[in-house]
**Q** 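Just dropping this structure here.
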Number of protein chains: 2
Amino acid sequence: MTEQQRRPTLMDVAQAAGVSRALVSIVMRGAPGAAEPTRQKVLQAAQELGYRPDSRARLLRSSRTRLLGLSFSSSQPFHAEIVDAAYAEAETRGYEIALSAVASGRPETRAIESLLDFGSEALIMISPSLSTHDLARYASQVPVVSLLRDDVGEAVDSVSSDDHAGISIAVDHLVGLGHRHIVHVDGGTAVSAEQRTAAFRSEMQRHGLEAVVVAGGLNEEDGLRAARSLMGNLPSAVLAFNDRSALGVIESFRAEGLQVPADVSVLGYDDSQLARLSYVQLSSVSQDAPLLAAAAVNRAADRVEGAQAAAHVVRTPHLVVRKTTSTPRIS
Amino acid sequence: MTEQQRRPTLMDVAQAAGVSRALVSIVMRGAPGAAEPTRQKVLQAAQELGYRPDSRARLLRSSRTRLLGLSFSSSQPFHAEIVDAAYAEAETRGYEIALSAVASGRPETRAIESLLDFGSEALIMISPSLSTHDLARYASQVPVVSLLRDDVGEAVDSVSSDDHAGISIAVDHLVGLGHRHIVHVDGGTAVSAEQRTAAFRSEMQRHGLEAVVVAGGLNEEDGLRAARSLMGNLPSAVLAFNDRSALGVIESFRAEGLQVPADVSVLGYDDSQLARLSYVQLSSVSQDAPLLAAAAVNRAADRVEGAQAAAHVVRTPHLVVRKTTSTPRIS
DNA sequence: TTGTCGGACTAGAACGATCTAGAAGGCCTA
DNA sequence: TAGGCCTTCTAGATCGTTCTAGTCCGACAA
């Protein structure tokens with residue numbers, strides 16, 4: 001109905017308060033240079049008109065946008081947890097977050113360009129799948145922080161968790177429980193899948209054990225399929241690429257009448273909400289997403305505010321033992 | 001390193017191509033009024049400079065932003081499916097989507113103001129929890145489309161699925177299979193939980209059956225808890241508020257050694273990815289998210305392009321029968 | 001009394017696009 | 001040959017801010 005309500009501008013407020021636009025601008029920004037009584041008068045006029053600064057105009061004029069672009073994958077619930085944490089941290093640092101999802105039919109480049117169009121001063125990308133070269137190209141325009149992936153070249157910041165350490169902790173845990181026949185269901189084509197597989201191989205070797213790796217992926221179906229392929233020669237423990245895959249593995253075993261962890265131990269990766277569900281209680285390697293997200297936001301903000309060289313922050317993950325891992329059944 | 005790379009502007013392209021800014025603008029917009037050879041020349045110059053229009057400036061000048069704001073909840077995987085579909089539909093209509101998440105510590109109002117600041121021409125809100133009054137207030141500034149909630153007042157468009165019809169289909173299905181003792185695990189404080197509960201009561205009454213409703217919620221834990229409370233007096237079928245809750249219900253039963261659907265049938269709502277997982281195979285009422293999302297995007301675009309009165313699109317959901325519902329065990 | 005200083009305020013130019021109005025040139029018609 | 005009408009192009013205003021470079025004025029020191 002009352003559709004055509006033009007939004008009030010600085011000009012309107014200035015007129016209402018009987019001062020110049022510039023002064024209103026000063027007051028709205030909380031910048032110094034306005035006497036207290038005038039400040040109050042302007043503030044009140046703005047309040048009454050329901051004035052909200054037009055960020056487009058503001059951003060156009062001042063190069064500062066205080067906007068951080070965050071790309072995530074809509075199909076990864078784990079990413080949602082990161083988004084949450086990023087919002088919180090950005091708020092405390094006085095930044096806004098622009099979100100852009102990578103979805104089917106919407107490649108990462110599109111997501112990024114959209115973020116850039118909004119005027120993001122820096123980009124935070126969760127598990128970017130772009131090539132080092134492409135990343136560097138974007139990094140030449142604006143600081144880029146890669147989250148959960150560290151082989152991104154020198155031009156790009158990264159905040160990641162130490163994949164090798166994570167796998168090492170996981171293998172140590174399983175071996176410590178007495179497992180000897182451990183299978184890794186890998187992440188397929190996923191980012192950092194290769195690193196984890198390599199880490200698994202080297203860690204198993206360190207323990208003098210044979211490293212068996214089967215093809216997996218990112219979701220439940222992948223885990224399910226992988227576990228099914230294991231039925232002929234059941235291992236005593238499975239280390240999955242992530243929690244979703246682990247869940248698939250567990251379900252596959254359940255379907256065959258196997259008990260987890262009595263018959264087979266299963267260990268996830270991510271310590272996502274999923275793992276914490278009371279009926280799942282998945283033991284998992286935690287990368288501590290909120291902490292990583294906060295670190296990424298801070299890193300991005302630092303770069304925006306002048307920090308020069310790209311840094312590579314690496315955090316060591318830790319193990320969260322719940323109820324899907326235990327000593328192997330005596331064979 | 002090469003940080004300070006100023007983004008090329010219309011001016012730069014104009015100079016490179018030896019034409020005026022206005023003409024470049026015309027070409028970039030694909031507007032009529034440029035000769036083909038010139039067009040090619042400009043396009044090539046833009047290409048070479050890596051020119052991308054600055055949306056802030058563009059949006060500032062032309063009231064048209066071709067931007068649709070979409071608010072969603074980061075904790076609802078189901079919303080992610082909608083986001084995907086919305087992106088796709090927006091693309092075909094030539095609109096961009098600005099995303100803003102509602103998360104813990106980030107109320108809906110904040111998400112909306114952020115979308116408005118980006119210059120959204122219309123707002124699409126998934127299951128908005130704001131009051132009709134607040135929604136109307138936003139609707140006076142810009143068209144608002146409520147997705148999956150229809151009691152939003154006259155000022156706001158809505159695209160929703162018919163809750164009563166959905167529950168009716170669900171109850172008919174269960175009763176048709178022979179179930180008499182059916183329990184509804186409700187949605188707690190969730191949007192449209194009340195409507196569905198009311199629909200359940202009236203549908204059960206229509207069949208001359210007693211309507212038992214227990215407190216539930218939106219996630220697995222809620223379903224789990226609800227199902228546990230049922231153990232003393234087991235129904236023959238459970239209708240959950242959504243798929244996540246249904247999953248919790250199933251797990252709770254499983255934990256007690258009950259077979260689904262042999263001992264108890266369980267019916268979900270949403271037909272989310274979750275329901276489709278091969279180890280879940282949840283029977284569910286489908287609201288057809290992609291279709292609803294597309295309808296919402298189109299409705300928003302229509303309003304932006306001039307459609308006057310707010311419309312309330314209601315789609316009838318349909319049933320997807322998988323493997324968690326069957327005839328009750330003979331008692 | 002006068003010059004200087006600093007605080008409060010303002011005019012006008014940016015920012016990078018779009019839009020309006022009109023100019024230049026070619027072609028057709030009378 | 002002149003007038004009219006396209007088509008193609010351009011100059012300059014404009015969107016709503018911020019920023020730069022002032023102006024104005026009263027207070028204070030010499």
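Residue numbers start from 1 in every chain, and the chains themselves are labelled A, B, ... in the order their sequence lines are given, proteins ahead of strands. Note that these values count all heavy atoms, side chains included, but never hydrogens, waters or copies made by symmetry.
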**Q** Heavy-atom distance under 4.5 Å between the side chains of A/Glu113 and A/Tyr138, does that happen here?
**A** yes
**Q** Using only heavy-atom distances, determine whether the side chains of B/Arg110 and B/Ser114 contain a donor-acceptor pair under 3.5 Å.
**A** no
**Q** CZ/B/Arg29 to OG/B/Ser62 distance, rounded to the nearest 0.5 angstrom?
**A** 8.5 Å
**Q** Are any non-hydrogen side-chain atoms of B/Thr9 and B/Arg21 less than 4.5 angstrom apart?
**A** no
**Q** Under the 3.5 angstrom rule, does the side chain of B/His79 hit a backbone N or O of B/Ser73 as a donor-acceptor pair?
**A** yes
**Q** Check for a donor-acceptor pair, side chain of B/Glu121 on one end and backbone N or O of B/Arg66 on the other, with a separation under 3.5 Å.
**A** yes
**Q** Identify, with sequence neighbours excluded, every residue that meets side chain to side chain donor-acceptor pair (under 3.5 Å) alongside B/Arg52.
**A** A/Asp117
**Q** What distance do B/Glu89 atom CD and B/Tyr95 atom OH have between them, rounded to the nearest 0.5 Å?
**A** 12.0 Å
**Q** With no hydrogens and no angle check, is any side-chain donor or acceptor of A/Glu81 less than 3.5 Å from a backbone partner on A/Gln273?
**A** yes
**Q** Contact boundaries of DNA chain C with chain B (under 4.0 Å, heavy atoms), 5' to 3'?
**A** C/dG16 to C/dC19
**Q** When the C1' atoms of the five terminal pairs at each end define the local axes, what inter-axis angle does the helix from C/dT1-D/dA30 to C/dA30-D/dT1 show, to 10 degrees?
**A** 60°
**Q** Please report the closest heavy-atom contact between A/Ala289 and A/Ile82, naming both atoms and the distance.
**A** CB-CG1, 3.8 Å
**Q** For nucleotides 14-21 of chain D, just jot down a letter per nucleotide in 5' to 3' order: B, S or -, based on protein non-hydrogen atoms under 4.0 Å.
**A** BBBBBB--
**Q** Got a sec, which residues hit side chain to side chain donor-acceptor pair (under 3.5 Å) with A/Ser129, two or more places apart in sequence or on another chain?
**A** A/Glu108
**Q** Which residues, if any, of residues 35-46 of chain B bring a heavy atom under 4.0 Å of DNA chain C?
**A** none
**Q** Return the minimal non-hydrogen interatomic distance between B/Leu147 and B/Pro128, and the atom names on each side.
**A** O-CD, 4.0 Å
